[in-house]
Amino acid sequence: MEYFLQVTLGSDTCFSGGSGCAGDVDIDIEQEERTGLPLVRGRTLKGLLVEECAFLLKTMDDRRWHEAAECLFGNPGGQAGSYVGFGDGLLPESFRSKVEEATKRPQNALNPRQVLQSLTDVRFQTKVNRETHTPEEHSLRSARLALKGLVFHSRLIGADHLSEDARAMLAACALATRRGGLNRNRGWGRLCVRIVDACGNDVTPSWIAPLKSEGEVRP
């Protein structure tokens with residue numbers, strides 16, 4: 001059985017690729033080269049989960065949950081690696097196929113830039129001088145954001161072989177991940193993260209059950 005990390009954008013979000021697009025935006029988002037569809041790198045999603053996992057482990061005394069975390073994400077400086085991999089977060093396959101067909105039409109084909117612009121928005125920000133309360137010169141910057149409501153799926157490679165404890169920890173990290181991307185502390189990047197199976201069924205509640213039964217997870 002395959003499992004996926006399902007990431008739903010609760011607000012416009014900028015998962016930056018670390019560069020801009022000359023003549024368009026200063027900060028661009030990750031995107032599929034062939035189609036222009038937004039995506040979220042697997043390493044980015046793993047980083048968000050690792051961050052939340054560190055916070056959760058501070059509240060857990062039982063060594064079993066620390067071992068479960070090492071199983072999921074590896075042990076920095078140690079020889080053992082992680083047992084689960086994170087694929088890039090992509091939009092639904094059926095939608096991606098339709099878009100790819102549209103970009104290959106012999107006439108009136110969509111180009112990747114048109115596709116990207118239809119699913120994103122551009123925000124402008126400037127730095128304000130604290131003394132004069134006016135915008136500072138040459139401080140205007142633009143960033144592209146993926147639109148609220150988009151849903152990405154990242155394949156969890158090896159998740160079907162995880163122990164019950166590792167699955168519980170992964171589910172807890174997913175539920176705890178509520179923000180991501182650029183300016184996530186300033187209103188951008190609200191997320192809803194769940195674990196789903198290949199049929200789209202949410203398995204997060206069943207996976208986290210061992211943690212709930214021990215009273216480790218607080219609402």
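Along the sequence shown, residues carry numbers from 1.
In terms of heavy-atom proximity, Gly187 sits nearest to Ser11 at O-OG, 3.7 Å. In plain terms, the two heavy atoms of Cys53 and Ala69 that are nearest each other are SG-CB, 3.6 Å. Contact between Phe73 and Cys173 at its shortest, heavy atoms only, is CE1-SG, 4.3 Å. Trp65 and Ala168 get closest at one heavy-atom pair: CZ3-CB, 4.0 Å. Nearest heavy-atom pair across Leu150 and Pro38 is CD1-CG, 4.5 Å. For the pair Leu145 and Cys14, the tightest heavy-atom approach, listed with the atom from each and the gap, is CG-CB, 3.9 Å.
Tested against Val99 for a side-chain contact (heavy atoms from CB on, under 4.5 Å), the candidates Leu119, Thr35, Leu91 yield a single pass: Thr35. Each of Arg144, Arg190, Arg184, Arg123 was evaluated against Asp12; a single residue qualifies, Arg123, per the salt bridge (Lys or Arg N to Asp or Glu O under 4.0 Å) test.
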Trace of the side chain to side chain donor-acceptor pair (under 3.5 Å) decision for Gln114 with Ser118: CA-CA 6 Å; Gln114 290 174 318; Ser118 70; over 6 Å; no

Glu100/Arg96 under salt bridge (Lys or Arg N to Asp or Glu O under 4.0 Å): CA gap, chis, key distance, verdict: CA-CA 6 Å; Glu100 190 163 356; Arg96 293 173 59 238; 5.9 Å; no

Full working for side chain to side chain contact (heavy atoms under 4.5 Å, CB included) between Met169 and Met60: CA-CA 11 Å; Met169 178 58 70; Met60 299 175 177; 3.7 Å; yes

Leu175/Ile208 under side chain to side chain contact (heavy atoms under 4.5 Å, CB included): CA gap, chis, key distance, verdict: CA-CA 9 Å; Leu175 290 173; Ile208 204 173; 3.5 Å; yes

CA sep, side-chain torsions, deciding dist, call: Arg63, Glu70, salt bridge (Lys or Arg N to Asp or Glu O under 4.0 Å): CA-CA 11 Å; Arg63 178 60 189 169; Glu70 290 180 9; 3.2 Å; yes

Intermediate values then yes/no, side chain to side chain donor-acceptor pair (under 3.5 Å), Ser163 and Asp165: CA-CA 5 Å; Ser163 67; Asp165 284 355; 5.6 Å; no

From CA spacing to verdict: side chain to side chain contact (heavy atoms under 4.5 Å, CB included), Leu116, Leu37: CA-CA 6 Å; Leu116 182 65; Leu37 290 170; over 6 Å; no

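Under the 4.5 Å side-chain heavy-atom criterion for Ile, Leu, Val, Met, Phe, Trp and Tyr, Phe55 and Leu49 are members of distinct hydrophobic clusters. No path of Ile, Leu, Val, Met, Phe, Trp and Tyr side chains, each step under 4.5 Å between heavy atoms, connects Leu90 with Ile157, placing them in separate hydrophobic clusters. Under the 4.5 Å side-chain heavy-atom criterion for Ile, Leu, Val, Met, Phe, Trp and Tyr, Val196 and Val203 are members of distinct hydrophobic clusters. Cluster membership for Ile27 and Leu147, using ILVMFWY side-chain heavy atoms within less than 4.5 angstrom, is not shared. Residues Ile195 and Leu162 are members of one and the same hydrophobic cluster, defined by side-chain heavy-atom contacts under 4.5 angstrom among Ile, Leu, Val, Met, Phe, Trp and Tyr.
Judged purely by atom type and a 3.5 angstrom limit, Asp160 has no side-chain atom pairing as donor or acceptor with the backbone of Glu2. A donor-acceptor pair is defined here as one N or O able to donate and one able to accept, closer than 3.5 Å; no such pair exists between the side chain of Thr8 and the backbone of Val151. Looking only at distances, a side-chain donor or acceptor of Asp197 sits under 3.5 Å from a matching main-chain atom of Gly200. The backbone N or O of Val115 lies less than 3.5 Å from no partner atom in the side chain of Gln117, so there is not a single donor-acceptor pair. Ser142 places a side-chain N or O within donor-acceptor distance of the main-chain N or O of Asp26, the cut-off being under 3.5 Å. Of the possible donor and acceptor atoms, none in the side chain of Thr13 sits under 3.5 Å from a partner among the backbone N and O of Leu9. In this structure, Ser97 contributes its side chain and Glu93 its backbone to a donor-acceptor pair below 3.5 Å. In this structure a side-chain-to-backbone donor-acceptor pair under 3.5 Å is missing from Ser154 to Phe86.
Arg186 CZ: 12 or fewer foreign heavy atoms inside a 6.0 Å radius. Applying the 6.0 Å contact sphere to CD of Glu33 captures no more than 12 heavy atoms from other residues, nucleotides or ligands. Within a 6.0 Å sphere centred on CD of Glu164, other residues, nucleotides and ligands contribute 12 heavy atoms or fewer.
How far CG of Leu211 is from CG of Leu56: 8.5 Å, rounded to the nearest 0.5 Å. To the nearest 0.5 angstrom, Leu48 atom CG is 5.5 Å from Phe15 atom CZ. Arg43 CZ to Asp88 CG: the interatomic distance, rounded to the nearest 0.5 Å, is 7.5 Å. The structure places OG1 of Thr177 at 10.5 Å from CZ of Arg194, a figure rounded to the nearest 0.5 Å. The line from OG1 of Thr120 to CD of Gln31 is 8.5 Å long, rounded to the nearest 0.5 Å. The line from CD1 of Ile29 to OG of Ser16 is 9.5 Å long, rounded to the nearest 0.5 Å.
Between Tyr3 and Trp207, the ring centre distance stays below 6.0 Å.
By the 30° and 60° cut-offs, the orientation of the rings of Phe4 relative to His153 is perpendicular.
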